[in-house]
Amino acid sequence: MNKLIAIGCGSTLMGIGINGFILPQHILNGGFIGLALLLKYTAGFQVGLTIICLSAPIFLMALHYNKLYFFNSLMGMLLSSLLIEGMFPLQWLFHLPIWISACIGGAFIGTGVGLMMRYNTCVGGLDLLALLMSKWFRFNPGLLMIILDAIIITTGMILLKDPYLLFSFVTILIAGIVTALLTSYQSVNLFLS
C-alpha cells in the first residue's frame, strides 16, 4: 500500500514539475522524459505517450532479464506518463523567470523520483536501463544516468539552438540532489539487489 501511495504522490509531483515549470520555459530534463520533451519541442509529440513508447523496449528487456525491475517500474512509468499528460493545462498557471522555473521544476521532479525510489520503484526508461546495465557491466548507474542526461541536453541545445537550454543542467542537478537526499543507502540498495 505504501508503494502505491509513493507512486501516486511521486507521479503527481513529477507531473506538476514538468507541466508547471519545465514545459513553459522549454527546458529539458534527463532520461526519457528529456527525450520526450525534446520531441515535444521539435515535432509536437505528446510527452506522456512518447515516454511510454520510448520505454517499451527497455521494459520488454527488463521483463526478460529481471522481472523484479519490470514490475517495480511498470506502474511508476504508466502513472507518471498519464499524469504528465493529464496535467498539461498547468503550463499556463505559473509565470516565473526561467532560472526559478528550472530550480522549482527540478525540485518537484527530484522529489517525485526520490519518493518512488524510496519504495523500490522508478519511472523506468533510462533509469531502468542504467540499473540493468549496472548489473551486467558493474557500472555505476548514477554515473551512466548523468552521462546520458548530459547527452540528451547537449543534443537538445544543438537541435534547438537555444542558449536557455543551459538551464536544463540546473534542473537535472537539482533533481539529482533532491533524489539523493530522499533516498537512503538502504532503500537504493534494496532496489539494486
Side-chain angles (χ1 to χ4, degrees), residues 1-37 40 47-48 51-52 55 69 72-91 93-131 141-146 148-150 152-153 167-192:
M1 186 61 163
N2 287 341
K3 185 178 283 193
L4 293 176
I5 293 170
I7 291 171
C9 292
S11 297
T12 300
L13 290 169
M14 291 180 63
I16 293 169
I18 289 169
N19 286 296
F21 303 98
I22 302 301
L23 267 173
Q25 300 290 350
H26 286 255
I27 301 172
L28 292 174
N29 191 41
F32 279 174
I33 295 172
L35 284 175
L37 289 168
K40 167 82 175 159
V47 177
I51 292 168
I52 292 171
S55 297
Y69 287 174
N72 278 345
S73 302
L74 182 63
M75 188 179 301
M77 185 268 299
L78 290 174
L79 188 57
S80 295
S81 297
L82 290 172
L83 287 175
I84 288 168
E85 271 317 304
M87 294 182 169
F88 188 72
L90 288 179
Q91 71 174 315
L93 188 61
F94 306 106
H95 304 284
L96 301 169
I98 191 169
W99 66 273
I100 294 175
S101 287
C103 294
I104 294 173
F108 269 97
I109 293 166
T111 303
V113 170
L115 185 59
M116 286 193 271
M117 289 188 80
R118 280 186 69 88
Y119 288 93
N120 303 319
T121 187
C122 72
V123 178
L126 288 181
D127 299 349
L128 183 59
L129 179 62
L131 289 171
L143 181 59
L144 181 60
M145 287 166 49
I146 289 169
L148 293 173
D149 289 348
I152 290 166
I153 292 172
F167 287 99
S168 302
F169 288 107
V170 173
T171 300
I172 63 168
L173 177 65
I174 290 177
I177 290 169
V178 172
T179 299
L181 290 172
L182 288 173
T183 53
S184 67
Y185 174 78
Q186 181 181 11
S187 64
V188 173
N189 193 35
L190 286 172
F191 188 72
L192 295 174

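Predicted model, so just to flag it, every value in this text is computed and none were measured. Excluded from the calculations below are hydrogen atoms, water molecules and symmetry mates; all remaining heavy atoms, backbone and side chain alike, are included.
- Scanning for side-chain hydrogen bond (donor to acceptor under 3.5 Å, both in side chains) contacts around Ser168 gives an empty result, with sequence neighbours left out.
- For the atom pair Leu28 CG and Leu35 CG, the distance stands at 9.0 Å (nearest 0.5 Å).
- Without hydrogens or angle criteria, Glu85 side chain to Gly48 main chain gives a donor-acceptor distance under 3.5 Å.
- Put simply, the side chain of Thr171 does not reach to within 4.5 Å of the side chain of Ile153, judged on heavy atoms.
- Note that CD1 of Ile16 is 5.0 Å distant from CE of Met87, once rounded to the nearest 0.5 Å.
- Tyr119 is listed as a side-chain neighbour of Asn2, based on a closest heavy-atom distance under 4.5 Å.
- The heavy-atom pair separating Leu182 from Gly110 by the smallest distance is CD1-O, 4.1 Å.
- Note that CG of Leu13 is 10.0 Å distant from CG of Leu83, once rounded to the nearest 0.5 Å.
- Across all non-hydrogen atoms, the minimal contact from Leu115 to Cys9 is CD2-CB, 3.5 Å.
- When every heavy atom of Ala36 is checked against every heavy atom of Ile51, the shortest pair comes out as CB-CG1, 3.7 Å.
- Here the closest non-hydrogen pair linking Cys103 and Val170 is SG-CG1, 3.9 Å.
- Of all heavy-atom pairs between Met14 and Ile33, the closest is CE-CD1, 3.2 Å.
- Residues that satisfy the ring-ring contact (aromatic ring centres under 6.0 Å, His included) test with Phe21, not counting sequence neighbours, are Phe94, Phe108.
- Here the straight-line distance linking atom NE2 of His95 with atom CD of Gln25 works out to 10.0 Å at 0.5 Å rounding.
- Taking the side chain as every heavy atom from C-beta outward, Met116 and Ser11 approach each other to under 4.5 Å.
- A heavy-atom distance below 4.5 Å is found between the side chains of Asn29 and Ile172.
- Residue Leu37 holds its CG atom at 7.5 Å from CD1 of Ile22, rounded to the nearest 0.5 Å.
- In this structure, CG on Leu74 lies 11.0 Å from CG on Leu79, to the nearest 0.5 angstrom.
- In this structure, Ser101 and Leu96 approach most closely via the heavy-atom pair OG-CB, 3.7 Å.
- Taking the side chain as every heavy atom from C-beta outward, Asn19 and Val47 never approach each other to under 4.5 Å.
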